[in-house]
K.L.:
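Please find one structure pasted underneath; my questions will follow.
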Amino acid sequence: MSENYQPHEIEVKWQQRWDETQIYRSRVDWDRPKHYALTMLPYPSGDLHIGHWFAMTPSDARARWMRMRGYNVLFPMGFDAFGLPAEQAAISRNIHPWKWTYSNIERMREQLRSMGAMFDWEREAISCTPEYYKWSEWFFKKFYEVGVAYRGSALVNWSETLQTVLANEQVIDGKDERTGQPVVHKMMEQWFFAITKYADELLDFDILDWPEPIKIMQTNWIGRSEGARVSFRTEVGDHPIEIFTTRPDTLWGSTFMVLAPEHELVDIITSEAQRAAVEHYIDEIAAETEIERMMEHREKTGVFTGAYAINPVNDERIPIWIADYVMITYGTGAIMAVPAHDQRDFEFARAQDLPIRVVIQPAAMEDLLSDEDMAEAYDGPGTMVNSDAMDGSVSSKDKGRANPAIGRVIDWLEATGKGEESVNYRLHDWLISRQRYWGGPIPMMYDGDEIIPVPDEDLPVVLPEDVDFMPTGRSPLTYHEPFFKVDDSVRRETDTLDTFMCSSWYQLRYLSPHCDTAPFDAEEAAYWLPVDVYTGGAEHAVMHLLYTRFFTKVLRDIGVFDEAAAVMRQKGRDPERAFDEPMTVLRNQGQVLGAERQGDYVLCSGRSVGAKMLANRVEVVGWNETPAGFDGCFGEIVHRTENVLHLDMAGVTQFVEVPPDAEIIIPDIPGRNNVNQLRHHLEIQRMSKSKGNVVNPDQLVEKYGADAVRCYLMFNFDWQKGGPWNENNIKGPQGWLHDVWEIAAKGAPAVEGDPAGERDIERKLHQTIAVVNRGLEEFSFNTAIAEQMKFKNALKAALRERRIGPAAWKDVMNQLIRLMAPFAPHIAEELWERLGFEYSAHLQAWPAYDADKAREEQVELVVLINGKPRGTIEVAVDIERERALELAVSSEAAQRGLAGKAPKRTIFIPGRNGTDPKVNIVV
RNA sequence: GCCUCCGUAGCUCAGGGGUAGAGCGCUCCCUUGGUAAGGGCGAGGUCAUGAGUUCAAAUCUCAUCGGAGGCUCCA
């Protein structure tokens with residue numbers, strides 16, 4: 001073996017060989033423990049992005065590791081192929097979404113193969129194929145049968161830009177999540193999934209090992225609050241106003257009511273005298289966007305409707321206002337205003353000169369509130385006052401029934417029939433229909449008002465190809481008569497499914513993507529489910545990750561998993577809770593950010609040598625701090641080679657050589673500075689086409705090889721954090737691979753080695769195994785690789801010092817290659833073969849960690865004087881306390897520190913894994 | 001405004017009550033028959049700041065400053 005490391009050649013070669021020998025096929029094997037590793041499936045948007053590599057290759061490394069540890073691993077891949085991006089791209093390029101999507105998929109498949117991941121392509125699933133969406137449709141029907149899918153009228157988000165409705169989860173700050181364009185509220189009849197029925201169960205994360213932020217985000221999104229519903233009579237006939245409150249203990253302090261301007265009662269209750277003012281206000285609000293309305297700290301505006309309501313707790317007559325600080329989308333769209341105890345109501349009352357009444361008094365006398373001179377609302381604990389029979393009840397800081405006053409008032413409301421305990425959710429039902437073309441058809445038909453599900457035997461309802469899909473605000477399928485016309489009276493639903501529905505169950509389709517009698521094969525499901533480790537971006541926190549949990553729970557409740565559960569029982573596995581959640585462990589990767597040039601601005605003075613300046617002084621200054629009349633160079637450092645700075649001077653590049661004796665002044669860094677402390681590095685930014693900082697993985701693979709790119713991505717970032725791209729840093733992992741190659745290429749050493757040296761390297765190997773295991777376990781891929789680099793350095797040194805013999809060398813190489821196999825699969829396989837081991841490296845067992853072999857025998861006993869290290873003594877690893885103290889106190893370092901005095905106190909700290917034992921001598 | 005996480009070498013990051021670590025970068029030397037390279041030596045850190053706890057604090061506590069992410073008229 002003598003050639004150089006040629007990544008490209010060996011990578012292509014092994015990818016083919018792996019394919020041919022099918023070593024990544026995953027098959028049910030009840031005798032082996034299973035591991036379902038899943039990484040979020042890509043959208044076939046065109047080219048594979050470096051972000052895909054960043055997400056997928058570490059996941060692949062971990063899946064490979066699990067496999068080598070004896071697990072039967074399923075690691076599938078597919079495409080989330082329906083949806084607006086394809087349709088928008090198709091519109092702008094004037095090609096059919098099928099074509100666009102399929103050519104992208106073909107291209108991305110090839111790119112995915114170049115990663116050298118252990119994807120089982122036999123299990124590939126593509127959500128826009130009829131074989132796939134047949135089952136999306138089938139699920140929809142099942143949901144309809146049990147009332148989870150329903151058609152209803154609701155205020156929905158309408159995007160003018162996209163000409164379709166969107167789910168709440170796809171609207172962020174009043175803007176469409178994808179295009180950033182504003183959405184408006186519209187009353188429309190649409191299809192919904194009753195996700196709110198599962199709100200409480202979705203709040204239970206007991207069996208989930210998920211990142212805390214995701215759980216918090218889902219919890220906030222679901223937004224459960226406990227309180228009461230109370231109905232206020234109005235003076236305009238039988239039109240009561242329903243309100244929800246979390247503070248029923250403040251009911252007596254309600255001095256007015258506020259309806260959202262969109263509330264359906266506004267028109268009914270408004271008095272003739274106020275009608276013009278109310279309509280004017282509503283017009284004004286309508287002209288504002290949702291975004292403007294949600295701006296914080298804006299002046300509270302509103303208008304009186306002329307109507308009054310009766311507060312049921314004290315029969316008081318209170319005015320009804322409308323104001324835009326009350327949102328139609330939350331609660332009932334109406335509130336009882338308690339200005340004394342709610343800051344928003346307080347501000348409104350002050351602005352409109354409405355009365356304020358204190359009904360909760362704080363405990364301390366000096367804090368007592370008065371209606372007239374409150375500066376702000378009081379929402380702390382206290383005692384109920386001005387509340388008739390409830391006076392004296394103690395309102396604590398607690399929410400819901402945990403607060404005694406609230407509990408007492410709720411009981412009283414229910415006993416008197418004035419109200420009832422209630423839970424309100426911020427979460428709304430999932431709006432599932434879209435007025436767009438590129439989605440799964442909704443398998444429903446209409447005969448007049450009657451809804452008729454498409455019979456099972458007619459599934460799938462196939463999405464026709466010859467459709468004009470330009471958006472018009474109506475579903476493109478409404479213009480396609482052969483599709484929608486079933487017969488003279490029956491027509492098909494022409495809206496399509498939200499793509500998030502299709503991606504809510506893809507993990508199930510991977511189990512048996514070609515199964516045409518069921519969405520998935522029961523035995524496969526029984527064996528593989530649930531997903532053991534799911535990896536992907538945190539941006540899906542309240543969309544995909546919430547939807548798929550909901551979906552799984554519905555499927556469980558309608559019995560879709562029953563057969564799989566039966567198989568489990570039959571195989572002696574416990575199906576209890578196996579189908580409650582789709583993915584038990586979730587980890588989010590961070591984002592690889594783009595780099596943008598950003599160096600220090602410097603003033604350089606010196607003398608010109610040809611085109612170059614030879615500087616004697618370089619000072620870092622602000623970007624616009626050129627002193628008038630300055631004679632020298634001023635500009636941004638855009639690059640540096642050794643001690644030559646490349647300055648950008650208003651578009652012209654100036655070279656400045658900085659000799660070692662030049663004075664360098666960096667205000668942020670005190671003391672003497674040197675040239676490499678100057679910032680010539682890159683500023684981080686999101687990668688985007690418009691910034692031109694998108695990194696193309698194909699070119700990197702071409703240049704460095706897939707293994708180096710994989711290792712760079714795993715080594716140079718904290719995977720869960722992400723960070724800035726810096727191609728220069730690829731040299732680190734590249735050097736590692738190169739060195740390992742060289743060590744292997746040199747072949748077995750021709751010396752005998754020495755036992756101590758071999759023992760030493762064995763110890764280091766086992767210490768490395770432990771760290772690599774921990775790194776992979778904890779998704780800390782960077783530490784796992786750093787440790788292997790260290791081991792490589794140690795091995796290299798030992799070989800140089802001729803301390804390793806041929807037998808030990810071969811054994812170490814064998815283990816070293818297996819250790820690197822999950823990270824750099826191609827080079828590992830190549831070296832494995834070249835060293836004469838049997839194919840394949842990836843079918844080997846993971847090196848076993850042996851704690852005895854990892855243990856140090858001789859360690860340094862550290863002598864500390866007053867906690868400061870002052871010297872070391874070589875001792876046995878298991879040295880005992882008495883002996884250590886004796887040695888330490890009599891050591892030269894200690895004697896020097898003690899200067900003849902007796903130690904005041906001595907403390908022995910035994911060494912534990914990896915750390916040296918210590919003795920602290922207090923003088 | 002609230003919540004979560006984070007400030008360690010020039011950069012990217014490990015570690016974490018008991019000697020300050022890795023890779024890259026940088027200096028100097030060697031090699032110039034692995035060569036759009038290789039080898040060796042080395043420099044560089046008040047572990048953000050300030051207080052507290054301790055025999056001992058980069059590590060634990062509190063405060064301050066700085067950064068990232070999330071939530072935010074949620075009744």
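A note on names: the letters A, B, ... follow the listed sequences, proteins ahead of strands, and every chain is numbered from 1.
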K.L.:
Report all side-chain donor-acceptor pairs from residues 791-798 of chain A shorter than 3.5 Å, counting only partners two or more places apart or in another chain.
P.N.:
residue  : atom : partner  : partner atom : Å
A:Lys792 : NZ   : A:Asp739 : OD2          : 2.7
A:Lys796 : NZ   : A:Asp739 : OD2          : 2.9

K.L.:
Grab the stems for RNA chain B, please: at least three consecutive Watson-Crick or wobble pairs, both distances below 3.5 Å, written as range with range.
P.N.:
B:1-7 with B:65-71, B:10-13 with B:21-24, B:28-30 with B:38-40, B:48-52 with B:60-64
K.L.:
Answer with yes or no whether the side chains of A:Thr196 and A:Asp429 bring together a donor and an acceptor at under 3.5 Å.
P.N.:
yes
K.L.:
With no hydrogens and no angle check, just 3.5 Å: does a side-chain donor-acceptor pair link A:Thr301 and A:Tyr325?
P.N.:
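Absent: no donor and acceptor within the cut-off.
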K.L.:
Using the 3.5 Å cut-off, write out each protein N or O paired with an N or O of nucleotides 53-57 of chain B and the distance between them.
P.N.:
residue : atom : partner  : partner atom : Å
B:C55   : OP1  : A:Arg905 : NH1          : 3.3
B:C55   : O2   : A:Asn920 : ND2          : 2.1

K.L.:
Which residues satisfy the ring pair (Phe, Tyr, Trp, His ring centres under 6.0 Å) test with A:Tyr5, sequence neighbours excluded?
P.N.:
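Ring pair (Phe, Tyr, Trp, His ring centres under 6.0 Å) check on A:Tyr5 returns A:Trp741.
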K.L.:
Rounding to the closest angstrom, what is the interatomic distance between B:U31 and B:A43 at atom P?
P.N.:
23 Å
K.L.:
Answer with base, sugar-phosphate or nothing: what part of the nucleic acid does A:Gly775 contact at a heavy-atom distance below 4.0 Å?
P.N.:
nothing
K.L.:
Could you tell me how far B:G42 sits from B:A9 if I compare only their C1' atoms? Round to whole Å.
P.N.:
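Their C1' atoms lie roughly 14 Å apart.
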K.L.:
Donor-acceptor pairs under 3.5 angstrom involving side-chain atoms of residues 249-257 of chain A: please list them, not counting sequence neighbours.
P.N.:
residue  : atom : partner  : partner atom : Å
A:Asp249 : OD1  : A:Arg247 : NE           : 3.0
A:Asp249 : OD2  : A:Arg247 : NE           : 3.4
A:Asp249 : OD2  : A:Arg247 : NH2          : 3.1
A:Asp249 : OD2  : A:Ser395 : OG           : 2.7
A:Thr250 : OG1  : A:Arg247 : O            : 2.8
A:Trp252 : NE1  : A:Asp388 : OD2          : 3.1
A:Ser254 : OG   : A:Phe256 : O            : 3.3
A:Ser254 : OG   : A:Ala337 : O            : 3.2
A:Thr255 : OG1  : A:Pro355 : O            : 2.7

K.L.:
Closest nucleotide of RNA chain B for A:Arg774 versus for A:Asn716: which of these residues is on the 5' side?
P.N.:
A:Asn716
K.L.:
The side chain of A:Lys796 lies closest to which of these nucleotides: B:G39, B:C13, B:C71?
P.N.:
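Of B:G39, B:C13, B:C71, B:G39 is nearest to the side chain of A:Lys796.
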K.L.:
Closer to the 5' end of RNA chain B via nearest nucleotide, is it A:Phe715 or A:Arg426?
P.N.:
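Taking each residue's closest nucleotide, the earlier one in sequence belongs to A:Phe715.
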K.L.:
Which parts of residues 217-227 of chain A get close to RNA chain B, meaning a heavy atom less than 4.0 angstrom away?
P.N.:
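Hits under 4.0 Å, by residue number: A:Met217, A:Ser225.
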K.L.:
Expressed in angstrom and rounded to an integer, what is the separation of A:Glu778 atom CD from B:A14 atom P?
P.N.:
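To the nearest whole Å, that distance equals 12 Å.
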K.L.:
If I take atom NZ in residue A:Lys764 and atom P in nucleotide B:A22, what distance separates them, rounded to the nearest angstrom?
P.N.:
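For the pair A:Lys764 NZ and B:A22 P, the rounded distance is 13 Å.
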K.L.:
Please determine if A:Arg229 and A:Glu420 form a salt bridge, counting it only when a charged side-chain N lies under 4.0 Å from a carboxylate O.
P.N.:
no
K.L.:
If the C1' atom of B:G1 is compared with that of B:U8, how far apart are they to the nearest Å?
P.N.:
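32 Å, rounded to whole Å.
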K.L.:
Can you list the residues that meet the salt bridge (Lys or Arg N to Asp or Glu O under 4.0 Å) rule with A:Arg426, with sequence neighbours excluded?
P.N.:
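Applying salt bridge (Lys or Arg N to Asp or Glu O under 4.0 Å) to A:Arg426 gives none.
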K.L.:
Restricting both atoms to N or O, compile the protein contacts to nucleotides 33-35 of chain B shorter than 3.5 Å, with distance only.
P.N.:
residue : atom : partner  : partner atom : Å
B:G34   : N7   : A:Glu742 : OE1          : 2.6
B:G34   : N7   : A:Glu742 : OE2          : 3.0
B:G34   : O6   : A:Lys746 : NZ           : 3.4
B:U35   : OP1  : A:Asn4   : ND2          : 3.4

K.L.:
What is the distance, rounded to the nearest whole Å, between atom CH2 of A:Trp719 and atom P of B:U12?
P.N.:
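These atoms are roughly 21 Å apart.
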K.L.:
Please state how far atom CD in A:Glu801 lies from atom P in B:G39, giving the value in whole angstrom units.
P.N.:
15 Å
K.L.:
Would you classify B:G42 as syn or anti? Syn applies when the glycosidic angle is within 90° of 0.
P.N.:
anti
K.L.:
Rounded to the nearest Å, what distance is computed from the CG atom of residue A:Asn424 to the C1' atom of nucleotide B:C73?
P.N.:
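The answer, rounded to whole Å, is 15 Å.
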K.L.:
Figure out the CG/C1' separation between A:Asp379 and B:C74, and round it to whole Å.
P.N.:
14 Å
K.L.:
When you measure from the side chain of A:Tyr330, which nucleotide among B:C24, B:A75, B:G23 comes out closest?
P.N.:
B:A75
K.L.:
Rounding to a whole Å, what distance do you find between A:Ile785:CD1 and B:A22:P?
P.N.:
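That distance rounds to 17 Å.
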K.L.:
Do other residues, nucleotides or ligands put more than 12 heavy atoms under 6.0 Å from the NE2 atom of A:His8?
P.N.:
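Check fails, neighbour count at 12 or below.
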K.L.:
In whole angstroms, how far is the C1' atom of B:C13 from the NZ atom of A:Lys790?
P.N.:
12 Å
K.L.:
Is the phosphate of B:G40 approached by A:Arg800 (side-chain N or O, under 4.0 Å from OP1 or OP2)?
P.N.:
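Yes.
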K.L.:
Looking at A:Arg344, does any N or O in its side chain come under 4.0 Å of the phosphate oxygens OP1/OP2 on B:C74?
P.N.:
yes
K.L.:
Name all residues meeting the salt bridge (Lys or Arg N to Asp or Glu O under 4.0 Å) criterion together with A:Arg344; count only those two or more places apart in sequence or in a different chain, and write none if there are none.
P.N.:
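Scan of A:Arg344 (salt bridge (Lys or Arg N to Asp or Glu O under 4.0 Å), adjacent residues dropped) gives A:Asp342.
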K.L.:
What residues, two or more places apart in sequence or in another chain, satisfy salt bridge (Lys or Arg N to Asp or Glu O under 4.0 Å) together with A:Glu777?
P.N.:
A:Arg62
K.L.:
With sequence neighbours excluded, tell me which residues meet salt bridge (Lys or Arg N to Asp or Glu O under 4.0 Å) with A:Lys215.
P.N.:
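Testing A:Lys215 for salt bridge (Lys or Arg N to Asp or Glu O under 4.0 Å), a comparison that skips the adjacent residues, returns A:Glu212.
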K.L.:
Check whether any side-chain N or O of A:Asn793 sits under 4.0 Å from OP1 or OP2 of B:G23, and answer yes or no.
P.N.:
yes
K.L.:
Quote, to the nearest angstrom, the C1' distance that separates B:U12 from B:G45.
P.N.:
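These two C1' atoms come out 16 Å apart once rounded.
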K.L.:
At under 4.0 Å between heavy atoms, what does A:Asp342 touch on the DNA or RNA strands: base, sugar-phosphate, or nothing?
P.N.:
nothing
K.L.:
Between the side chains of A:Asn157 and A:Asn168, is a donor N or O closer than 3.5 angstrom to an acceptor N or O?
P.N.:
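Distance-only check passes for A:Asn157 and A:Asn168.
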K.L.:
Quick test of your reading of the model: are A:Lys746 and A:Glu742 salt-bridged, counting only N-O distances below 4.0 Å?
P.N.:
no
K.L.:
Given the P atoms of B:U32 and B:G39, what is the spacing between them in whole Å?
P.N.:
15 Å
K.L.:
Can you list everything that forms a ring pair (Phe, Tyr, Trp, His ring centres under 6.0 Å) with A:Phe717? Sequence neighbours excluded, please.
P.N.:
A:Phe54, A:Tyr712
K.L.:
What integer number of Å spans the P atoms of B:U54 and B:U46?
P.N.:
28 Å
K.L.:
Can a cation-pi geometry be assigned to A:Lys300 and A:Phe348, taking NZ or CZ under 6.0 Å from the six-membered ring centre and within 45° of the ring axis?
P.N.:
no
